[in-house]
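Below is one structure, written out as structure tokens, with a few remarks after it.
A, B, ... follow the sequence lines: proteins, then strands. Residue 1 opens every chain.
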Amino acid sequence: MITIAFIKKEIMETWRTRKILILVIVFFIFGILNPLTAKLTPELLKMSLKTTIPFPDPTSLDSWLQFYKNISQMGLYLFAIIFSGTMSHELAKGSLTNLLTKGLQRRVVIFSKGFVLFGQWLLSIGLCFIVTLGYTHYYFPDNKSPHIWLALWPLFIFGLLLVSLLLFTSTMINNNFGGLLGTVIVMIIFNLINLYKGAVNYNPISLVSKNLTIVKDDTKFFDLWPSMCITVGLAIGLLYLTVKLFDRKKL
Amino acid sequence: MNNAQLLLDNLPLLIPLVILEFGLMIAAVVHVLKHPQYRFGNKVLWLVIVIFFQIIGPVFYFMFGRGETA
């Protein structure tokens, strides 16, 4: 009951601070940019190189390539920027003190924040996906990308890790940049791990970088099982650590 | 394909894109001008960031730049 009340409070907050509005606008823009970039790149190359070599016409695959590139290189970090101070902001303002001294369990705060954050991740990715899907169907009516729905799942699963990472770092570091910093550092570490080729299928970053191969070939989805399990495991571990850390935190 | 036709072809993409990007930019510009208290930086700095860095600039301002009494 109290959890539901706190979830409502979180939803109200994301509405009042206009965070949800910014998310919707930004990811809508990304959704439009994907097919546009796919469509214009060959034209721009033609104009700037002034050659008569025929470029291959863009296909729906190019549009989805842009989608996964934009999400993993921009969208992810924008999400981190927007929710970078989700815990540290409240701790700094002291807005939780009253509730916690009146008997609100600390883990309820973490869980409801995580729940609402993940909901917003689903919303942003879903919106961007639907916009890209609509335009891609309109501009590139081919069947070169048969498994777009399946390729979306790893992104959702990666969101679990991103959300718990944001919660953990913004609880740990008393600074509005904490969440962003944590996300950037962890992404760098994942990228470094990827230098070792054998680790690719175990690396959580494959969930946001290997999607295009799934779009082309659905059997590739099952190669990513280990990485999905590790991602979920890491997310749960981080969430547990966050609860422990927050329990010991002085208000 | 000539330029005019290229533009015409992509209008369904360009119109919403321009509306959203300018909407975000103008909202941020208005906010910068109306709330002259920032966590750091000054008015000119934020105006430059908001106007010249599409998407990232306004988001950065709304998250880190705007003062507490939003």
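Atoms CG and CZ, on B:Leu20 and A:Phe27 in that order, are 13.5 Å from each other to the nearest 0.5 Å. Here the straight-line distance linking atom NZ of A:Lys39 with atom CG of B:Asp9 works out to 4.5 Å at 0.5 Å rounding. Here the straight-line distance linking atom CZ of A:Arg18 with atom CE of B:Met63 works out to 11.5 Å at 0.5 Å rounding. To the nearest 0.5 Å, atoms CZ (B:Phe60) and CG (A:Leu78) are separated by 10.5 Å.
Not one N or O on the side chain of A:Tyr138 forms a donor-acceptor pair closer than 3.5 Å with the backbone of B:Pro12.
Counting heavy-atom neighbours within 6.0 Å of B:Phe64 CZ, excluding the residue itself, gives a total above 12. For A:Lys9, the NZ atom counts as densely surrounded, since its 6.0 Å shell holds more than 12 non-hydrogen atoms of other residues, nucleotides or ligands. The environment of NZ in A:Lys249 is crowded: more than 12 heavy-atom neighbours from other residues, nucleotides or ligands sit within 6.0 Å. Within a 6.0 Å radius of CZ in B:Phe52, no more than 12 heavy atoms belonging to other residues, nucleotides or ligands are found. Atom OH of B:Tyr38 is surrounded by more than 12 heavy atoms from other residues, nucleotides or ligands within 6.0 Å. The neighbour count for A:Asn143 CG, taken as heavy atoms of other residues, nucleotides or ligands under 6.0 Å away, does not exceed 12.
Both the backbone and the side chain of A:Thr17 come within less than 4.5 Å of a heavy atom in chain B. Residue B:Leu24 touches chain A through its side chain alone, counting heavy-atom pairs closer than 4.5 Å. Proximity to chain B (any heavy atom under 4.5 Å) is shown, for A:Ile81, by both the backbone and the side chain. Contact of A:Leu21 with chain B is not made at all, since no heavy-atom distance falls under 4.5 Å.
The only member of A:Ile29, A:Ile32, A:Val26, A:Ile25 that meets side chain to side chain contact (heavy atoms under 4.5 Å, CB included) when paired with B:Glu21 is A:Ile29.
Contact annotation: the side chain of A:Tyr139 approaches that of B:Leu13 to within less than 4.5 Å [non-hydrogen atoms, C-beta and beyond].
Ranked by heavy-atom pairs under 4.5 Å with chain A, the first of B:Leu14, B:Ile56, B:Asn10, B:Val59 is B:Asn10.
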